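Since the model is a prediction, treat every value here as computed from it, not as a measurement. Below, chain A is the first sequence line, B the second, and so on; all start at residue 1.
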Amino acid sequence: MSDPAITIAPPPPAWWRLGPALWLASALLLMTAYLALNLPGSWFGGGATQNYAGAAMGIAAGVGQAEGNKLVITGPDSKNAIILGLLTPRIPTIEYGLIAIDVDGMPDDADVTLFWRNDLAPNKMFTRSLAVAGGRVQDAMLAGDSNWLGRVHTVGLIIRGTLPQPLTINGVALKPATAGAVLAERWRDWIDRESWTGISLTRIVGGRAGMDLPLPLLTGLAALLGCGAYWGLRRWRRWPFSALTLAAILMAGWLALDMRWQWNLLLDTFAATGNFAGKDLSSKRLASIDAELEKVAADVRPLLAKDARLFVIAQDPVAAGRLAYLLLPAKIYYDVTRATLPPPERFKAGDLMLVHRKPGIRYSPDKKEFLWDERFRLQAEILYAKRGTVLARVL
Amino acid sequence: MLLLPGLLLSIALPMLAGLPWMLAAQDRRAPGGWPLAIAYGYVLGLLITIMGMRALHLAHLPISLWTAAILPAIAAAAGCWRTRATLAFARADARAARATWHALPRATRIVCVAALVLIALRLANLGVELVLRPVFPWEAVSAVAAKARVWYELGALAPFVPPAGWLEGLGSYTDTEPGAFALPSLLLVWTANALGQWHEGLVGFPWWMLGASLALALYGHLRRAGGGVAYALCIAYLFLSLPLVDLHIALAGAPQWIAAAGVGFAGCALLRWLESPSRYLLLCFAIGAALAILSMTSTWGWFGIFAVAMAMRYWPKHAVKLAVGVPLLVLFALLGWFQTPLKFAGATLQLQVAAGWGETIESLFLLDNWHLLYGIAVLVALAGWRRILSPPWLAPHVAGADGTGIPVRQWRCRCLDTGTAGCAISATPHCSSRRYC
């Protein structure tokens, strides 16, 4: 006969159901908290997203031009500033609150400010600083800003700093500051393809550089919260401890991250297949980040005497190093710690010197003489001069 | 020579040179024997191949496929003779593996298949990327692949000298790491010789093979330690899913991966050895250690940590003192170096504080470098610190936790002669090589 005072606790759900469910619930809870903390206005409603091509922006300061739908900026003005403006129809700020500017090539040290004008104070310009990371600018959440009022008719960017490479404005989007728009933005941040850069071997962002909510942080916190929830549930329901459930919570977070990473790897491999498959080495290099250097190398290779010593000099020592690699197995001198030519006494007759985009080195065709640092002279004849690169033989 | 046969040869010969010896050295009856033998056998074979190339260099003989293949071929022939009954064992082992598989519950088999699919997808993905892409990392272009290209074209290990030495006429070639170890470059040279051409990126295939081998070694060690098939496969998948591991495999050519793989091979064997010492595990440890130590000097610190863990195993009474005392001693030494510059191989080096904790925290927790690895490590450490600090667990945790390198990330070496700074242990006499690291 059973004792009615003894109650048998129901068994816990299977670990492979409970673990992922707890992680997912925790992730949803955290996303809700994120929205609550970051959305100042209504979570729903708002106007339809307004997209503008980059080419629709005007250049008030700086040098650049429209290329198709994009605006390509090649340099700042004499005060090291670029000012870009976009005239829009009068947009009610109550319906819009998020501005996303799709930019490529923004220097990480650039000082970027978003500005807008409204019809309440037409002569006044309101500004907001934007963070830059990985060549892009952060989206601007303007809903809740005390100056985001009335109807906006102009938005634009003020960029201060030098441009080591052209800056491309792909487009500008004005979006409603609703839960859906913010979630869509975060989703785009996370699934944004991350291609390999010079620092990839030490740093994987895991989405769009400078994103507002890193996916590893969200999944990690969700795993932590899920573990805490399991601990609480276990005490409350008097479940026996299950290490497998904890492992399933952590694994769910890990898999969420890894599925994104696998997707990224597949996209990069598809890109690599398109760029490199079926090509010989030179064609592969022409499709890679060394394309410009390979063009030079392809021109120069036939001009290199077999046993001649070759000095490679470039303004950027890394470019000199990469160019030197493309010309191997020639007997090449380059020094990654300095971007200057060695003194003339280091050269011998018959040596070759390859000067790639290096300002400050002059050549006199009459005297057949190089001059650098205003004091060093070296007799040499030009064998090749193209693409900002000169190959010369020392006389 | 056709590419595929050449690639297969570049893998098969080192494998044949090492596998029979590893099979002969182990207790076959324990699970995980074949994965361990294949993983460590391949690495052993690579080391034998590299040794052969170094011997050719010392004998002033040209390095080609045929000459470089002599030593591994001899090792393979002798090994096969030594374990000539291997095929019969292999058939029996295959039957046992099939029986184990059929005995697994259905749910476990589903987990196994899922993990295998994920592993296969990842390895295939990385393999395609590696094969298609020309050499990309700066570390490869500026040193490892540069040396390899020259050595392959010349058929000889021509010396690389610092730029100043090049100007003096001490050598005909220079790069950013003239004093670096030759092993990573020789892996490229061996593969290029087997392929019959300098094919970027097939030459980097050893980077992929070492990734696959390390996953296999992890699986084997976990099986030997009593882990189930599904558990061991899941851990192997977790390892291969780490983004920084994947990138070092896909963008082959940087020496860090070869060195890290060596530390991984040695570390796995050591952790098992601390639990149940055996000569076979010491052999595995030695193979991994040789790969790491001969690839980069920056791995040497790991072996100092491993030595502490071994000492704790030998003298369990002093385990806690060693676990606390040695790191403190190292810390004081580092603080001393922080105060006083040291002369090292002709250069004046001083320690300084690196970028700071912010960058480390970002790298470990906010970026996707390691997925959730460090988050989980912190969670485990907080939840189980009592157990971690108890004697049976202390030695492996010292080896594992100190080895994460978190304490040393905050320091970097600065060369007072040139003002350059970089990875502490890798600083060369000329203080130029690691300017961009």
Please test B:F136 against A:L201 for side chain to side chain contact (heavy atoms under 4.5 Å, CB included), starting from the C-alpha separation and ending with a verdict.
-> CA-CA 10 Å; B:F136 175 75; A:L201 289 182; over 6 Å; no

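- By number of non-hydrogen pairs under 4.5 angstrom with chain A, the leading residue of B:V131, B:D175, B:L366 is B:L366.
- Checked against the 6.0 Å centroid threshold, A:Y325 and B:W138 do not count as a close aromatic pair.
- For B:A250, no part sits under 4.5 Å from any heavy atom of chain A, backbone or side chain.
- Within the 3.5 Å criterion, the main-chain N or O of B:E200 finds a donor-acceptor partner in the side chain of A:K284.
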Donor-acceptor pairs are to be reported for all side-chain atoms of residues 263-272 of chain A against protein atoms at under 3.5 Å, with residues two or more places apart or in another chain.
residue: A:N264; atom: OD1; partner: A:E194; partner atom: N; Å: 2.8
residue: A:N264; atom: ND2; partner: A:E194; partner atom: O; Å: 2.9
residue: A:N264; atom: ND2; partner: A:D268; partner atom: OD2; Å: 2.9
residue: A:D268; atom: OD1; partner: A:R193; partner atom: NE; Å: 2.8
residue: A:D268; atom: OD1; partner: A:R193; partner atom: NH2; Å: 2.8
residue: A:T269; atom: OG1; partner: A:L265; partner atom: O; Å: 2.9
residue: A:T269; atom: OG1; partner: B:N125; partner atom: ND2; Å: 2.5
residue: A:T269; atom: OG1; partner: B:E129; partner atom: OE1; Å: 3.0

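- Neither the backbone nor the side chain of A:A324 comes within less than 4.5 Å of any heavy atom of chain B.
- In this structure, A:R203 contributes its side chain and B:D368 its backbone to no donor-acceptor pair below 3.5 Å.
- With a threshold of 4.5 angstrom between heavy atoms, B:L132 approaches chain A through its backbone and through its side chain.
- Options B:L242, B:L121, B:L238, B:L373 differ in how many heavy-atom pairs under 4.5 Å they form with chain A, and the most are formed by B:L238.
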What's the verdict on side chain to side chain contact (heavy atoms under 4.5 Å, CB included) for A:L281 and B:W198, showing C-alpha distance, side-chain angles and the deciding distance?
-> CA-CA 9 Å; A:L281 181 55; B:W198 181 263; 4.2 Å; yes

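- A:L215 contributes atom CG, which lies 12.0 Å from atom CG of B:L367 (distance to the nearest 0.5 angstrom).
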Using residues 152-161 of chain B as the side-chain source, report each donor-acceptor pair under 3.5 Å to any protein atom, sequence neighbours left out, with the distance given to one decimal.
residue: B:Y152; atom: OH; partner: B:G196; partner atom: O; Å: 3.3
residue: B:Y152; atom: OH; partner: B:Q197; partner atom: N; Å: 3.2
residue: B:E153; atom: OE2; partner: B:R149; partner atom: NE; Å: 3.0
residue: B:E153; atom: OE2; partner: B:R149; partner atom: NH2; Å: 3.0

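- Dense packing is recorded around CZ of A:F276, with more than 12 heavy atoms of other residues, nucleotides or ligands lying under 6.0 Å away.
- Looking at B:D246, only its side chain comes within 4.5 Å of chain A, counting heavy atoms on both sides.
- With a 4.5 Å cut-off on non-hydrogen atoms, A:F311 touches chain B through its side chain but not through its backbone.
- Within the 3.5 Å criterion, the main-chain N or O of B:P163 finds no donor-acceptor partner in the side chain of A:D335.
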Would you sort out whether B:W166 and A:Y334 count as a ring-ring contact (aromatic ring centres under 6.0 Å, His included), showing the intermediate values?
-> CA-CA 9 Å; B:W166 191 96; A:Y334 76 97; 10.0 Å; no

Could you walk me through whether A:M259 and B:L118 pass the side chain to side chain contact (heavy atoms under 4.5 Å, CB included) check?
-> CA-CA 10 Å; A:M259 290 304 103; B:L118 288 169; 3.9 Å; yes

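- Across all their heavy atoms, A:D258 and B:R122 have their closest contact at OD2-NH2, 2.9 Å.
- Atoms OG1 and OH, on B:T174 and A:Y333 in that order, are 8.0 Å from each other to the nearest 0.5 Å.
- Contact of A:T273 with chain B is made through backbone and side chain together, with heavy-atom distances under 4.5 Å.
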Go through B:Y173 and A:I332 one step at a time and tell me if the side chain to side chain contact (heavy atoms under 4.5 Å, CB included) criterion holds.
-> CA-CA 6 Å; B:Y173 299 96; A:I332 299 170; over 6 Å; no

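- Within the 4.5 Å cutoff, the side chain of A:C227 has heavy atoms near those of the B:L379 side chain.
- Between chain A and the options B:L126, B:V150, B:L372, the largest number of non-hydrogen pairs under 4.5 Å is found for B:L372.
- The parts of B:V135 that come within reach of chain A are both its backbone and its side chain, each placing non-hydrogen atoms under 4.5 angstrom from that chain.
- Heavy-atom pairs under 4.5 Å with chain A were tallied for B:S172, B:P243, B:A146; the largest tally goes to B:P243.
- In this structure, the portion of B:I376 lying under 4.5 Å from any heavy atom of chain A is its side chain and not its backbone.
- Under a cut-off of 6.0 angstrom, the local environment of CZ in A:R17 is sparse, with at most 12 non-hydrogen atoms contributed by other residues, nucleotides or ligands.
- By the salt bridge (Lys or Arg N to Asp or Glu O under 4.0 Å) test, A:R136 pairs with A:D104, A:D192, sequence neighbours left out.
- Between A:W254 and B:H371, the ring planes lie perpendicular to each other; the angle is over 60°, past the 30° to 60° tilted range.
- Contacts of residues 244-251 of chain A with chain B at a heavy-atom distance below 4.5 Å involve A:L250, A:M251, listed in sequence order.
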